[in-house]
Protein chains: 2
Amino acid sequence: MTRILVVDDEPQIVRALAINLRARGYEVRTAATAAEALQQASAHQPEVVVLDLGLPDLDGTEVIAGIRGWSDVPILVLSGRSDSLDKVAALDAGADDYVTKPFGMEELLARLRAMLRRGGRVEEETPEVRLGEVSVDLAAHRVVRGEETVRLTPTEWHLLEVLLRNPGRLLSQRYLLEEVWGPGYETAQGNLRLYMGQLRRKLEPDPARPRFLVNEPGMGYRFEP
Amino acid sequence: MTRILVVDDEPQIVRALAINLRARGYEVRTAATAAEALQQASAHQPEVVVLDLGLPDLDGTEVIAGIRGWSDVPILVLSGRSDSLDKVAALDAGADDYVTKPFGMEELLARLRAMLRRGGRVEEETPEVRLGEVSVDLAAHRVVRGEETVRLTPTEWHLLEVLLRNPGRLLSQRYLLEEVWGPGYETAQGNLRLYMGQLRRKLEPDPARPRFLVNEPGMGYRFEP
DNA sequence: CGACGTCGTCAGGATCACGTGAGGGGCGCC
DNA sequence: GGCGCCCCTCACGTGATCCTGACGACGTCG
């Protein structure tokens, strides 16, 4: 099912959008603040984002930038201000479309369809990753080793997800910490080592000599496919 | 140069658009009728199409369909009617965006940029630099020599990065030292020699006779592509 | 021919980063 | 309240990395 993330601080708008979208068969997640939006976006990997610019905690363009840093998901911006400069800023920040309130529901749905149509052409995803005898299903959040399934804690999963979405690339500790623990945790490197160890213990054939979750001293970590 | 096709039957609008777009470095073709538009689109393969719905000979949605039959080029629709049903029809026919007249030139340009950005993303960028049989992927922080990957320490990477980002240019020891080790280390030239040697040993086909990481006595070092 | 400066290489120890173990606090569940 | 799970902090051994100094090779110039 197509996942949509709706971000707006006005509950009645969120409600109206959610009802209309669910009625058309979309799976809808909602967020009322920028922080919540960024978290939901990374956690649930929506296929399109509907974003209100007037959020209480952060400027809308910063939310766009925060998502564009790691994802190409189409973003449709919603705004009360019909100010033209606003549109320019949002679109240049990386948004894909712009609608001003009040908007017609039919028009919004048509624009969403257009975005999904366009975006759907690009991604051809295979959500199954193999690490030796272990297979990871990113979509189903499942890890299987031989016959039995492996249990991962939320933090372990989050870390693994970030690594697996960047196969072969070296990711700095700073980036990993910010991605998994959020901003402000850039110094908790002991933590990162700990969880990397846990993942290796659960996934690697020989945890003492890692083959897939590799460290480059002083640089960061890398998932070697 | 980026090619844009502008389709409108009102000469003054075509003229205004063409002037503004050309001023921003786009290559502009124009068409006043649907027939002309379809012919131009197939002849010149524009990277984005700006299309007015109110054409004399054919309905706008038919033009969209006529283009969509063979091309994924982004289409921005322009219309005098702010009727919502119109937008829905155009977007569902395969348009990617919709702007109503009168429109702000800045907004239109921003939307065009957004569309071009999205379309251009299809091609995956891999900034790969080659040194003989060794290939360096700057983004993934990865060096491959034949089959196996070469491990570089942080300092080695930093130095290599500076060199590779200035292909063919001669870089003084002073500059390299300041760039890699930071200010205050301008006198540690032994260091620079050491790490240059390490890089050559790991990357050059014959480390004793360097072909890519060259020294110019008394001057500095140069990466020879 | 010899002095000099620059460059490349080698080997030492100091320092830093990484992996691992043990233990405490917070939270939900029985 | 007790229990289990998850998260985080701290400490220590080990290995890698970095810097320093010394040495020989080469080319230049007096």
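Within every chain, numbering begins at 1; the chains are lettered A, B, ... in the order of the sequence lines, protein sequences first and strands thereafter. These numbers come from the heavy atoms of this one structure, side chains and all, not from hydrogens, waters or symmetry mates. This is a predicted model, so every value here is computed, not measured.
The side chain to side chain donor-acceptor pair (under 3.5 Å) search around Arg130(A) returns none, not counting sequence neighbours. Considering only residues two or more places apart in sequence or on other chains, Arg193(A) meets the side chain to side chain donor-acceptor pair (under 3.5 Å) condition with none of them.
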Exercise answer: donor-acceptor pairs, residues 211-221 of chain B side-chain atoms, under 3.5 Å, sequence neighbours excluded:
unit_1    : atom_1 : unit_2    : atom_2 : d
Asn215(B) : ND2    : Gly220(B) : O      : 3.4
Glu216(B) : OE2    : Arg222(B) : NE     : 3.2
Glu216(B) : OE2    : Arg222(B) : NH2    : 3.0

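Rounded to an integer number of Å, the gap from CG of Leu177(B) to C1' of dC18(D) is 15 Å. Rounded to whole Å, atom P of dC7(C) lies 17 Å from atom CD of Glu204(B). Atom CG in Leu199(B) sits about 14 Å away from atom C1' in dG8(C), given to the nearest Å. The separation between Leu152(A) atom CG and dC5(D) atom P is 15 Å, rounded to whole Å. For the pair Gln198(B) CD and dT17(D) C1', the computed distance is 10 Å after rounding to whole Å. As rounded to whole Å, 12 Å separates atom P of dC8(D) from atom NE2 of His158(A). Between the CG atom of Leu213(B) and the C1' atom of dC7(C) there is a distance of 15 Å, given to the nearest Å. One atom, CG of Leu192(A), and another, C1' of dG19(C), lie 12 Å apart when rounded to the nearest Å.
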Letter per nucleotide, 5' to 3', of nucleotides 19-30 of chain D [B base touched, S only sugar-phosphate touched, - untouched; heavy atoms, 4.0 Å]:
BS----------
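The phosphate of dC18(D) (OP1 or OP2) has a side-chain N or O of Thr153(B) nearer than 4.0 angstrom.
Screening residues 134-158 of chain A for ring-ring contact (aromatic ring centres under 6.0 Å, His included), with sequence neighbours left out, gives His141(A)-Trp157(A).
Here the side chain of Arg142(A) pairs no donor or acceptor atom with the backbone of Val150(A) at under 3.5 angstrom.
The neighbour count for Arg151(B) CZ, taken as heavy atoms of other residues, nucleotides or ligands under 6.0 Å away, is above 12.
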Would you tabulate the nitrogen or oxygen pairs shorter than 3.5 Å linking the protein to nucleotides 14-18 of chain C?
unit_1  : atom_1 : unit_2    : atom_2 : d
dA17(C) : O3'    : Gly218(A) : N      : 3.4
dC18(C) : OP1    : Gln173(A) : NE2    : 2.8
dC18(C) : OP1    : Gly218(A) : N      : 3.3
dC18(C) : OP2    : Gln173(A) : NE2    : 3.4

